Amino acid sequence: MNATAPLAATRTVKLVYFAWMRERVGVPSETLDIPADLATIADLVRWLKTRGENYEAAFANEAVVRAALDQVHAKPHAALGSAREIAFFPPMTGG
Amino acid sequence: MNATAPLAATRTVKLVYFAWMRERVGVPSETLDIPADLATIADLVRWLKTRGENYEAAFANEAVVRAALDQVHAKPHAALGSAREIAFFPPMTGG
Amino acid sequence: MTPIIRIQHEDFDLSDEIAALSYGRADIGAVVSFIGLCRDEAGTLAALELEHYPGMAEAEIARVACEAAARWPLLGLVAIHRYGLVRPGEQIVMVLAASAHRRAAFEAADFMMDYLKTRAPFWKREHRADGTLGGWVEAKAGDDDAAERWNR
Amino acid sequence: MTPIIRIQHEDFDLSDEIAALSYGRADIGAVVSFIGLCRDEAGTLAALELEHYPGMAEAEIARVACEAAARWPLLGLVAIHRYGLVRPGEQIVMVLAASAHRRAAFEAADFMMDYLKTRAPFWKREHRADGTLGGWVEAKAGDDDAAERWNR
């Protein structure tokens, strides 16, 4: 009954990386078409890890990776919603 | 049996006063011969209050008057010891 | 009271910030400030490199500042954080809280620093005196604990 | 670490004090400072007159500073208190505590101010804008309570 299902819908987001996340992914930012059915940040991370070793290395220890949706801190279970800029970075060491 | 007692011994101290204690006593400092048998700050206050209305006014509310012996804070029951400079002042309002 | 937030490479001057804040007014009785400096006790550091998330750094510090302003009766709040290379002994961050009385100013400055440490998107990396690039500075669990104090 | 204590009529500059303290060294990571300013919310004050006990003022603040140095791992401690006439908006007192980390610096500066308020022999009197001499400022019970916190 999925025979008539349309091609998976996608939406375009900007991903940005900082510190050693940036180094491991290999770019400071990228614009990607992600599956529209990715519900949460954790879903997005799971999907990214299928895209290559650089992402696998960057997210090897998911527990320490922090995220932000449109420049606001967000937990892994947070809904992506309509966020256009999604950031990943290590725990902060400013101040 | 006190017939042969010597004249009461005295010793010389410098008394200093600050803020409204200074205003009520009427001088910023004075050098006085005080009875050598005054044991504590409270004893000295009692003796000072017999010396005139200005002292009575200054020490009218003894509970709020603070004292220092040789520039170190001291409680009313503290022994005068050999202190040479005895200060009286209201609660401090610096800072 | 509009918090002043600046993310800049240039150094800053604490006295100038206090003067700007208090100029022409007589309602401020207490100003508490914090300055974080670049340490190098081992003598092996050439500089700290501070990477930040432009836009979010300002926004997140502004959010922390708004929380502080809601908790304490503040008459002024300034936060300045540098980015780029900062050498040992140089200033990295400044927070300044002004109020009529000292308790609010102390607590707000303390709160700002605790949250700035755990929430402001900055990352430090060491540049060593021998010319090599050191690692990224690791976050301290103690910083999270410090921020957690304010939720009790 | 020798505390710097100054009792003076002249104004002071916080940045200068921090620079003097941190010059040529890289072990200080945190500097917390407090500045107390002359308030006049009612607009009726010409100046505060600060009377002090010369000699004891320095000695007592030095004793408080020694207690702070015994309680926290400080790398620097400065306390400056002005006397004489101070106008609304002007600085009255400054305390500065430096340490490797921020917790010690915050607590030491807070402690210094609480004790300085209750133990340093200074008394404030108001000079009113209409030319009359106001009363002596009354001590606040809250100041004693604040100092008492540190004995818990």
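Heavy atoms only: backbone and side chains are in, while hydrogens, waters and symmetry mates are out. Note on naming: letters A, B, ... go to the chains in the order of the sequence lines (proteins, then strands), and numbering restarts at 1 for each one. Remember, predicted model here, so these are calculated numbers, not experimental data.
- When each of D:Gly89, D:Pro88, D:Ser33 is scored by its heavy-atom pairs under 4.5 Å with chain C, the top score falls to D:Ser33.
- In this structure, D:Phe34 has its ring center under 6.0 Å from that of C:Phe106.
- Interface remark: C:Ala105 contributes no atoms to any contact with chain D (heavy atom separation under 4.5 Å).
- The line from CZ of C:Arg39 to CG of D:Asp27 is 8.0 Å long, rounded to the nearest 0.5 Å.
- Electrostatic pairing of C:Asp40 and D:Arg25 does not count as a salt bridge here, judged by no charged N lying under 4.0 Å from a carboxylate O.
- At a threshold of 4.0 Å, the pair C:Arg103-D:Asp114 counts as salt-bridged, since one of the basic side-chain nitrogens sits closer than that to a carboxylate oxygen.
- For C:Glu138, the CD atom sits in a loose shell: 12 or fewer heavy atoms of surrounding residues, nucleotides or ligands are nearer than 6.0 Å.
- Atom CD of C:Glu41 is surrounded by more than 12 heavy atoms from other residues, nucleotides or ligands within 6.0 Å.
- Most heavy-atom pairs under 4.5 Å with chain D: of the set C:Leu14, C:Asp16, C:Asp110, C:Val32, this distinction falls to C:Asp110.
- C:Ser15 OG to D:Gln91 CD: the interatomic distance, rounded to the nearest 0.5 Å, is 7.0 Å.
- Rounding to the nearest 0.5 Å gives a distance of 9.5 Å between CG of C:Leu37 and CG of D:Leu21.
- Contacts between C:Ile18 and chain D at a heavy-atom distance below 4.5 Å involve the side chain alone, from C-beta outward.
- Atom CZ in D:Arg102 sits 15.0 Å away from atom CD1 in C:Ile35 (nearest 0.5 Å).
- Using a 4.5 Å cut-off between heavy atoms, D:Ala109 contacts chain C through both its backbone and its side chain.
- Interface remark: of the candidates D:Gly29, D:Ala146, D:Gly43, D:Gly29 forms the most heavy-atom pairs closer than 4.5 Å to chain C.
- Heavy-atom contacts from other residues, nucleotides or ligands closer than 6.0 Å to CZ of D:Arg87 number 12 or fewer.
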